[in-house]
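Along the sequence shown, residues carry numbers from 1.
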Amino acid sequence: MLTATTRSTMLRRLALLLAITAMLAACAPSNPDAETADGTDDTTEDAGTDTADDAEDEASEDGDTDATTGETGGTLVIGTTADVVNLNPLVGNSRTDTWVTNLMYPRMMDMDLEGTKTPSLATDWSYSEDGLTATVNLRDDFTWSDGEPVDAEDVMFTIDAIKAEQFGVVAGMIAAYESSTAPDPHTIEFTLSRPDGAFLNSVGFWMPIVPEHVFSAAESVQEFANDSDWVSAGPYRLTDVQAGDRYTMTAVDSYPLAPEGTPTLDEVVFRVFPDVNTEVLALRNGDIDLIGNAIPPTLVEQLQDVDGLELVTVPSLGWAHMQYNMRREPLDQLEVRQALAHAVDYEAIRQVVLRGQAVSSGSSPLTPSFQQWYDDSSEEYAHDPERSRELLESAGQVDADGDGLYDGLTLEMVYDSADPNISAWAEIVRDQSREAGIDIQLSGLERNTYLARTNERDFDIYAGSWAIIDEPQSNFSLLFFPDGFINYAGVEDPDLVAAIENAAVQTSVEEARPFVQEAGRIVHDNVYDNVMYVEQFNFAHSSDWEGFVAQPSELLSILNPRSLAQVVPAGE
């Protein structure tokens, strides 16, 4: 039996602090990795650039022959708007980082189009009856590119490194994790300090597995640059880096998740462009085959009927919303929040601003992207200015001067001015709210200022979007617990806390669903989060290719390992 190192129990608040760091990146309007107004990532650090050729040469000299020309063959060229910043998959958090490292490092679970976690490196998983042991069984046919097997030691090393050094997104998801053992090379038993029904899905989907025999040589896993001599276990191996221009990845001989056990392409090449508009031009000219970035709604209509191009639509795993600062009067009054919710025509926003590329969740944080949690009985707040006025007057608001606006009811709404969608609908919210007697002053802010104001809870109304909220059993505590680090609205509701706590300890969807949906109804009825829409992302590719596998979110879309392991030239 292999025993992972047991380390001291980590501090829950520190874990949550790390989670909020990740979440703040994720709450960038419409994008998971914070783009600037010109469509380029806001990260500027260059990736390692001088070692890829050497690594390829060394691999050949070492007799590493896993690169193959492939039987079906071909090179798929993908456009991106940013360089890779970090090739350490446990640290890299930008979109391009993740696209590249997803093709190199396996995850235990995948996700289907309905948001359900599915097998990948893991074949199955379960909890013990008392919820204190979580077990995962792994496939036995994955190998690293240097020939070493991918096994339980790699999984235990990865989670223990994250726990010990407290870094990355996963650190905020493993508060209940204490230690792990391996009864055999392909089984891991995680010991938990308390039942945590989201633990397996969280580490299964979000934790890339790294090779213990490579990463353990680093003094600090968090600081390990991983910028040369890559040892990976995905469908493609990084073989050439030309920062600012392109990243070339070569197919491996064996990838068990490919339909025939081998990736169908010879190569995948990421090419760097300054913005999405330039990518669209390159796609139309045949210079690239796929745009990694989601197509802005304003461009979707232009590409829908273009010969030689196809669009694939996938749902977001997050939502766009407004939150009202309940720490401030009069937003601490339910009637005022309900009045604000009734003041807006959400369908008009979805049709006009999003060009129909968004759906309603019935003003619930349980969106249709996650069918296993979705509550279709939740009804969206109807656009009803007269109802808003009734609610405001019942809350004591007065229009003494008869100007149509309630006296003293002037509210500031902050948002990221670089987000074109939110900048557009903010004006609609302002104009429609005036019909209900509410004066909203818009503050479109530079991104860092917007994030700082939001994090300091310095606003009346916050307008933004979550990129990914995929596990309500755990994510809801961050959103709605009184000390939740992304509880921007200042929610303090014992009934809501009880529902979330009851949901968190259930170890099956069936047991957790009633509590999760109860929490969703409390959020809806009290307007703790005014959920406005769930964006439907569109991705464009050349019709010369087919066989893509779609997954939800802008991050996964049709640019995920399972998809790129089986895409083929059209007609083959």
Side-chain angles (χ1 to χ4, degrees), residues 66-82 84 87 89 92 94-107 109-113 118-121 142 145 205 208-209 230 232-241 246-272 279 282-283 287-294 309-314 537-572:
D66 62 352
T68 178
T69 58
E71 294 184 3
T72 301
T75 297
L76 188 79
V77 182
I78 303 169
T80 180
T81 54
V84 171
L87 285 165
S94 83
R95 188 169 46 224
T96 308
D97 289 1
T98 304
W99 285 337
V100 171
T101 58
N102 271 353
L103 298 179
M104 300 169 67
Y105 299 95
R107 296 171 189 262
M109 298 180 192
D110 227 330
M111 182 185 293
D112 65 19
L113 260 180
T118 58
S120 185
L121 174 61
F142 264 74
S145 55
F205 183 72
I209 307 304
W230 297 285
S232 56
Y236 299 95
R237 188 168 67 95
L238 185 61
T239 51
D240 185 41
V241 173
R246 66 187 62 209
Y247 298 78
T248 301
M249 307 188 73
T250 305
V252 302
D253 285 331
S254 173
Y255 181 63
L257 299 181
E260 301 299 327
T262 303
T264 49
L265 299 167
D266 289 336
E267 288 183 331
V268 172
V269 176
F270 289 87
R271 284 190 54 192
V272 183
E279 288 179 303
L283 181 66
D287 296 330
I288 62 176
D289 303 300
L290 163 67
I291 296 177
N293 313 77
L309 301 185
E310 293 189 16
L311 292 175
V312 178
T313 302
V314 303
F537 297 119
N538 282 275
F539 297 88
H541 69 84
S542 165
S543 56
D544 290 340
W545 298 90
E546 63 184 11
F548 292 101
V549 177
Q551 295 181 349
S553 85
E554 188 181 17
L555 196 62
L556 302 172
S557 65
I558 57 175
L559 206 171
N560 59 75
R562 195 180 293 270
S563 179
L564 298 191
Q566 68 175 64
V567 62
V568 294
E572 287 196 5

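- Between L564 and L76, some side-chain heavy-atom pair lies under the 4.5 Å cut-off.
- A565 and P235 get closest at one heavy-atom pair: CB-CB, 4.1 Å.
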*Stepwise side chain to side chain contact (heavy atoms under 4.5 Å, CB included) test for I291 and F539*: CA-CA 7 Å; I291 296 177; F539 297 88; over 6 Å; no
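- In this structure, OG1 in T118 is found 6.0 Å from CG in D112, a value given to the nearest 0.5 Å.
- Judged purely by atom type and a 3.5 angstrom limit, T313 has no side-chain atom pairing as donor or acceptor with the backbone of N538.
- Minimum heavy-atom separation, Y105 to P208: CB-CB, 4.2 Å.
- Atoms OG and CG, on S557 and N293 in that order, are 9.5 Å from each other to the nearest 0.5 Å.
- Between A251 and P263, the shortest heavy-atom distance links the atoms CB-CB, 4.1 Å.
- If you take CD on E267 and CG on D240, they are separated by 9.0 Å, rounding to the nearest 0.5 Å.
- With W545 as the fixed residue, the side chain to side chain contact (heavy atoms under 4.5 Å, CB included) test singles out one of L265, I558, L290: L265.
- Two residues are said to be in side-chain contact when any heavy atoms from C-beta on lie closer than 4.5 Å; L555 and T98 meet this criterion.
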Test side chain to side chain contact (heavy atoms under 4.5 Å, CB included) on Y247 and W99; report intermediate values, then the result. CA-CA 11 Å; Y247 298 78; W99 285 337; over 6 Å; no
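- Between P106 and F142 the shortest heavy-atom distance is CB-CE2, 4.0 Å.
- Within the 4.5 Å cutoff, no side-chain heavy atoms of L121 are placed close to those of M109.
- Of the possible donor and acceptor atoms, one in the side chain of S563 sits under 3.5 Å from a partner among the backbone N and O of V549.
- Using modelled atom types and a 3.5 Å distance limit, the side chains of T239 and T248 yield no donor-acceptor pair.
- Atom CG of L283 is separated from atom CD1 of I78 by 12.0 Å, given to the nearest 0.5 angstrom.
- Looking at Q566 and E260, their side chains never come closer than 4.5 Å, going by heavy atoms from C-beta outward.
- A 4.5 Å side-chain heavy-atom check between R246 and F270 finds every atom pair outside the cut-off.
- Side-chain contact between P561 and Y236: absent, with no pair of heavy atoms (C-beta onward) separated by less than 4.5 Å.
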Taking it one step at a time, do S120 and L257 satisfy side chain to side chain contact (heavy atoms under 4.5 Å, CB included)? CA-CA 7 Å; S120 185; L257 299 181; 3.3 Å; yes
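- Across all non-hydrogen atoms, the minimal contact from L556 to F205 is CD1-CZ, 3.5 Å.
- If you take CG on L113 and CD on Q551, they are separated by 7.5 Å, rounding to the nearest 0.5 Å.
- Interatomic distance, E279 CD to T80 OG1, rounded to the nearest 0.5 Å: 6.5 Å.
- The closest donor-acceptor contact from the side chain of S542 to the backbone of D544 lies under 3.5 Å.
- Residues L309 and S543 approach most closely at N-OG, 4.0 Å, considering heavy atoms.
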Please assess M104 against M249 for the test side chain to side chain contact (heavy atoms under 4.5 Å, CB included), listing each intermediate value before the final yes or no.
CA-CA 9 Å; M104 300 169 67; M249 307 188 73; 3.4 Å; yes
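- Annotation: side chain of H541 is not in contact with side chain of V567 (no heavy-atom distance under 4.5 Å).
- Annotation: side chain of L87 is not in contact with side chain of D97 (no heavy-atom distance under 4.5 Å).
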